[in-house]
Amino acid sequence: MRWWAGAWVIAGVVVVAACGTSTGGGSTAGPSGSRSAEPSTGAPTQTFAGSSSPPPPSPGGAGPPGAVRTPSASASACVAGHAEVSVTPGDAPGRRLCVRPGTMVSLTLEPRADDKRWVAVRSSAPVFVVASGWQVSGDGSARASLRCAGTRGGTAEVTALAKAPDVAGAAKVVFTLEVSVVPYTTER
């Protein structure tokens with residue numbers, strides 16, 4: 001290989017590395033376009049008790065300090081990193097949740113008010129959302145971990161089944177969580 005071909009390869013690697021770090025790192029762009037020196041805090045954790053969507057923005061359109069506004073409302077409503085969804089008696093039988101690839105969702109099912117007990121959690125599309133870590137405690141509550149796809153985008157229905165312990169027959173779906181995995185947009 002000629003020396004100039006090696007120089008072009010090194011220059012290409014440097015350019016690709018510089019392009020990959022110009023938009024991330026956990027810092028946010030200020031009004032003048034300069035980057036702040038705030039360190040990244042890692043994957044965010046968001047808890048939605050009683051609803052699966054984040055709280056609405058504050059009046060006047062001003063978000064929390066350091067927040068970056070995005071033009072797409074659907075992209076800004078998606079959770080990245082870790083989310084917790086809690087289901088209590090009296091909640092709606094279905095919810096929707098928008099997540100980014102690689103998000104871990106902790107699903108907590110509180111004890112039911114009727115005589116039914118939580119039996120299982122199932123995913124309609126394990127290629128997008130895998131249900132694991134199913135635990136039922138003695139007080140009747142249950143927990144499950146939902147791991148979302150790392151790179152793919154799609155939708156899966158996660159259903160929670162319950163049945164009365166002393167009645168024969170199959171368990172019935174009593175709660176449905178529609179999880180939409182929305183990949184990050186790429187610039188071309």
Side-chain angles (χ1 to χ4, degrees), residues 41-67 70 72-150 152-184:
T41 58
T45 300
Q46 297 185 2
T47 303
F48 306 119
S51 88
S52 61
S53 60
S58 60
T70 58
S72 171
S74 63
S76 65
C78 292
V79 179
H82 183 81
E84 295 181 15
V85 178
S86 178
V87 178
T88 58
D91 283 352
R95 289 194 205 157
R96 292 182 182 193
L97 180 64
C98 178
V99 297
R100 294 296 189 176
T103 301
M104 289 294 295
V105 179
S106 297
L107 178 63
T108 304
L109 305 166
E110 297 297 328
R112 295 183 51 84
D114 55 8
D115 64 339
K116 294 182 180 178
R117 303 288 182 248
W118 298 111
V119 176
V121 170
R122 295 191 180 137
S123 175
S124 66
V127 71
F128 298 123
V129 178
V130 175
S132 63
W134 175 251
Q135 298 175 354
V136 179
S137 63
D139 66 348
S141 63
R143 299 175 80 68
S145 297
L146 308 176
R147 186 180 56 190
C148 300
R152 296 180 180 218
T155 303
E157 285 188 356
V158 177
T159 55
L161 306 165
K163 78 181 259 331
D166 57 348
V167 177
K172 296 196 179 348
V173 174
V174 292
F175 178 74
T176 303
L177 179 64
E178 183 180 329
V179 181
S180 298
V181 181
V182 178
Y184 293 101

Q) So do the side chains of Val87 and Leu177 get within less than 4.5 Å of each other, counting heavy atoms only? A) no
Q: Using side-chain contact (heavy atoms from CB on, under 4.5 Å) as the criterion, point out the one residue from Thr103, Val85, Val99 that pairs with Val179.
A: Val99
Q) Do you know the tightest heavy-atom contact between Arg95 and Ser86? A) NH2-O, 2.9 Å
Q. Just by modelled atom types, is the Val119 backbone N or O under 3.5 Å from a matching donor or acceptor in the Trp134 side chain?
A. yes
**Q.** Verdict with supporting geometry, Leu109 and Val121, side chain to side chain contact (heavy atoms under 4.5 Å, CB included)
**A.** CA-CA 10 Å; Leu109 305 166; Val121 170; 4.3 Å; yes
Q) What distance separates Met104 CE from Glu84 CD, expressed to the nearest 0.5 Å? A) 11.5 Å
Q: Indicate the atoms forming the closest heavy-atom contact of Val181 with Cys148, along with that distance.
A: CG2-CB, 4.1 Å
Q: Just do the side chain to side chain contact (heavy atoms under 4.5 Å, CB included) check on Arg147 and Val129 with the steps written out, would you?
A: CA-CA 6 Å; Arg147 186 180 56 190; Val129 178; over 6 Å; no
Q. About how many Å separate CZ of Arg143 and CD of Gln135, when rounded to the nearest 0.5 Å?
A. 7.5 Å
Q. So, for Ala156 and Ser123, which heavy atoms are closest and what is the spacing to 0.1 Å?
A. CB-OG, 4.0 Å
Q) What heavy-atom pair brings Pro111 and Pro89 nearest, and what distance separates the two atoms? A) O-CG, 3.1 Å
Q: Return the set of residues passing side-chain hydrogen bond (donor to acceptor under 3.5 Å, both in side chains) with Ser106 (not counting sequence neighbours), or none when no residue passes.
A: His82
Q. If you look at every heavy atom in Ala162 and Lys116, which pair is closest and at what distance?
A. CB-CB, 4.1 Å
**Q.** Residues in salt bridge (charged side-chain N to carboxylate O under 4.0 Å, His left out) contact with Arg112, at least two apart in sequence or another chain
**A.** Asp114
Q.
When you compare the side chain of Val136 with that of Arg117, does any pair of heavy atoms fall below 4.5 Å?
A. no
**Q.** Gap separating the CG atom of Leu107 from the CH2 atom of Trp118, nearest 0.5 angstrom
**A.** 8.0 Å
Q.
Is any side-chain heavy atom of Arg100 closer than 4.5 Å to one of Val182?
A. yes
Q.
Measuring from atom CZ of Arg122 to atom OG1 of Thr176, what distance do you get when rounded to the nearest 0.5 angstrom?
A. 12.5 Å
Q. If you round to the nearest 0.5 Å, how far is OG of Ser132 from CG of Leu146?
A. 7.5 Å
Q: For residues Gly153 and Phe128, report the shortest heavy-atom separation together with the two atoms involved.
A: O-CE2, 3.2 Å
